[in-house]
Visitor: 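Pasting in a structure now, in structure tokens, and then I'll have a few things to ask.
Numbering of residues begins at 1 and proceeds along the displayed sequence.
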Amino acid sequence: MAPVTLDEAVAQVQARTGGRVLSAETLDEEGQRVHRIRVLLQDQRVRDIRVDAATGQWQ
């Protein structure tokens, strides 16, 4: 899988959850770059989704 930018990860999370992105940032966790995206879901719950920047896989 190809690397994923923060903007691409945000678009992916919005498309798959149908929620509204509240914040997004790229972090270094244990030597890996991870995009952390906080999203407000349609049922009004807030969820933090982590996307591996190297692979695009959700964690």
Visitor: Rounded to the nearest 0.5 Å, what separation is found between the CZ atom of R36 and the CD atom of E25?
Guide: 4.0 Å
Visitor: Which Ile, Leu, Val, Met, Phe, Trp or Tyr residues join V46 in one cluster when any pair of side-chain heavy atoms under 4.5 Å counts as a link?
Guide: L22, L40
Visitor: Would you say V34 and L6 are hydrophobically clustered, going by side-chain heavy atoms of ILVMFWY under 4.5 Å?
Guide: no
Visitor: Do the non-hydrogen side-chain atoms of I37 and V51 ever get within less than 4.5 Å of each other?
Guide: yes
Visitor: So does E29 get a backbone contact from the side chain of Q32, meaning a donor-acceptor N/O pair under 3.5 Å?
Guide: no
Visitor: How far does CD of Q44 sit from CZ of R20, to the nearest 0.5 angstrom?
Guide: 8.5 Å
Visitor: Would you say H35's side chain and V4's backbone share a donor-acceptor pair under 3.5 angstrom?
Guide: yes
Visitor: Below 4.5 Å, heavy atoms only, C-beta onward: do P3 and R33 meet side chain to side chain?
Guide: no
Visitor: Could you list the donor-acceptor pairs under 3.5 angstrom formed by side chains in residues 9-19, with sequence neighbours left out?
Guide:
from	atom 1	to	atom 2	distance (Å)
Q12	OE1	W58	NE1	2.5
T17	OG1	V13	O	2.7
T17	OG1	G19	N	3.1

